[in-house]
Amino acid sequence: MTTTELPAPPPAARTAPGKRRPGRRQREGAAWVFLSPWVLGAAVLTLLPMAVSLYLSFTDYDLFNPPRWVGLRNYTQMFTEDPRYWRSVGATLMYVVIAVPLQLGLALVVALALKSMRRGRGFYRSAFYAPSLLGASMSIALVWRALFNDGGTVDNLLGTGGWVNRPGWALLAVALLTVWQFGAPMVIFLAGLQQIPGELYEAASVDGASRWRQFLSITVPMLSPVIFFNLVLQTIQAFQVFTPAFAVSGGKGGPADSTLFYTLYLYDRGFVASHMGYASAMAWVLLIVIGAVTAVLFRTSRTWVFYASEGDR
C-alpha cells in the first residue's frame, strides 16, 4: 500500500523585517486623532464658554466695558434684593408643575390608543409628532398668541376673553402650547409599549383582571423606565422654556409678570439691561437647580422604576 504524504502546513506568517504591529500608544493616538474634532468642539464651544460665564458671574459686566470683579454681589442681589427674580422662579415652577404632567399624560393616552390601532397607525403617529417639530418656532408661538388673544378663536368659542391679557390665564396658555407638543414623548411611549410581552395581558385576562387593573399592574411597571426617561427629559426642557413666553408676552413676561419665566428674565437682564454678569450668575443658579432636580428624580426612581432584568423595584 502506498501512502500519500500530506504537505506540511505553511509556517505561521511572520511580520516582515522592519515592520511591527502598532503598540498601545499608537492605537490610542489614532483614536485621539479621530476624536479630536469632537474634543475641540466641546472645549471651544462648551467648556470655554462655561468657564467664561462662571468668571463673569462674579463681575459687573455690561458688554461694553471691561468686567469689574464684584465677588458674590450678583448672587446676594439676586436672592435678597430682586423681587422680580423670585417672581420668575415662581412662574417657572408653576409652569413645570402644570405642563410636564399634562404633556406626559396626554402622550401616554395617545400612545395607548395608537398601540391598539390596526390601520393608519403610521399616519396618525406622524400627525401627532408634527407639533413637536413646529412648536418651538417663533411663528407657531405667535399663532398661539393670536388664538388666545382678545377676539381670537378661543375667545370666540368660549367667551372667556383673551387669555394672554389675563394674569390668571396667560401662564396656562403657554403651558398648553407645551402640552400640544406631546409628539416626542408619545413616540417614546409607543416604542416602550410595543416591548411589553402580550402574554402578560393574556394571563391577566384569564385571571379576570380588568383593563384598569392590567394598566396599573402591567403597563405602568413595565413602562416605568420609559416614563422616567420622559419625565427627566421633559422636566429639564421645561425649566429652560423661552420662546413661547417671549412670543406670548412680547418679551416682557406680562401680564403682571405671570409669564416671566426664568430664562426670559435672564435674557432681559443680560441682553436688554446689559447686566451680563448678573445674567451669568442666574445661568449658573439655573444649572445647579436643574442638576439638583435631576439628582432627586434619579434618587427617587429606585422606589418606582422597574427594570425587568433586575427583577426588583
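Hydrogens, waters and symmetry mates play no part in the numbers below; they use all other heavy atoms, side chains included.
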Regarding [X] and [Y], is there a side-chain donor-to-acceptor distance under 3.5 Å anywhere?
| X | Y | answer |
| --- | --- | --- |
| Ser224 | Tyr307 | no |
| Asp82 | Tyr278 | yes |
| Ser57 | Tyr75 | yes |
| Tyr262 | Tyr85 | yes |
| Thr178 | Gln237 | no |

For [Y], is there any backbone N or O sitting under 3.5 Å from a side-chain donor or acceptor partner on [X]?
| X | Y | answer |
| --- | --- | --- |
| Ser116 | Ala113 | yes |
| Gln103 | Gln181 | yes |
| Thr259 | Leu171 | no |
| Asp62 | Phe64 | yes |
| Ser53 | Pro49 | no |
| Trp284 | Ala279 | no |

Phe79 and Trp86 aromatic ring geometry - parallel, tilted or perpendicular at 30°/60° bounds:
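Trp86 vs Phe79 ring planes: tilted.
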Is [Y] reachable from [X] through a run of hydrophobic residues whose side-chain heavy atoms are each under 4.5 Å from the next?
| X | Y | value |
| --- | --- | --- |
| Val220 | Leu297 | yes |
| Leu47 | Leu287 | no |
| Met282 | Leu54 | yes |
| Phe123 | Leu114 | yes |
| Met222 | Trp304 | yes |

Pair Phe261 and Phe242, ring centroids less than 6.0 Å apart:
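Here the rings of Phe242 and Phe261 have centres that are no less than 6.0 Å from each other.
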For the atom pair [atom1] ([X]) and [atom2] ([Y]), what is the distance rounded to the nearest 0.5 Å?
| X | Y | atom1 | atom2 | value |
| --- | --- | --- | --- | --- |
| Leu45 | Met50 | CG | CE | 13.0 Å |
| Trp212 | Leu216 | CH2 | CG | 5.0 Å |
| Leu106 | Phe182 | CG | CZ | 4.5 Å |
| Met276 | Leu266 | CE | CG | 8.5 Å |
| Leu177 | Phe148 | CG | CZ | 8.5 Å |
| Thr294 | Arg299 | OG1 | CZ | 15.0 Å |

Please tell me if the side chains of [X] and [Y] come closer than 4.5 Å, counting only heavy atoms from C-beta onward.
| X | Y | value |
| --- | --- | --- |
| Arg145 | Pro244 | no |
| Leu104 | Ile227 | no |
| Phe58 | Ser280 | no |
| Pro185 | Gln234 | yes |
| Trp163 | Asn149 | no |
| Gln195 | Val226 | no |
| Thr263 | Leu286 | yes |
| Leu108 | Phe215 | yes |

Shortest non-hydrogen separation from [X] to [Y] and the atoms involved:
| X | Y | answer |
| --- | --- | --- |
| Ala175 | Ile98 | CB-CG2, 4.0 Å |
| Tyr124 | Met117 | CD1-SD, 3.5 Å |
| Ala247 | Leu142 | CB-CD2, 4.0 Å |
| Lys252 | Asp257 | O-OD1, 4.3 Å |
| Ser217 | Pro221 | O-CG, 3.4 Å |
| Ser258 | Ala91 | O-CB, 3.8 Å |

Other residues, nucleotides, ligands: >12 heavy atoms within 6.0 Å of Phe271 CZ:
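Incorrect, the count does not exceed 12.
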State whether the number of non-hydrogen atoms from other residues, nucleotides or ligands found under 6.0 Å of Arg84 atom CZ is greater than 12.
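It does: Arg84 CZ has more than 12 such atoms within range.
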The test is side chain to side chain contact (heavy atoms under 4.5 Å, CB included); show your working for Val100 and Tyr95 and say whether it passes.
CA-CA 8 Å; Val100 174; Tyr95 168 81; over 6 Å; no
For Arg68 and Thr59: C-alpha separation, side-chain torsions, deciding distance, then whether side chain to side chain contact (heavy atoms under 4.5 Å, CB included) applies.
CA-CA 5 Å; Arg68 182 172 58 88; Thr59 66; 5.8 Å; no
Residue pair Gln214, Ser205: steps toward the side chain to side chain contact (heavy atoms under 4.5 Å, CB included) verdict:
CA-CA 8 Å; Gln214 293 179 25; Ser205 299; 3.2 Å; yes
Would you please test Trp69 and Tyr61 for side chain to side chain contact (heavy atoms under 4.5 Å, CB included) and show each step?
CA-CA 9 Å; Trp69 183 267; Tyr61 181 49; over 6 Å; no
Please determine if Arg73 and Asp60 form a salt bridge, counting it only when a charged side-chain N lies under 4.0 Å from a carboxylate O.
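Salt bridge: yes.
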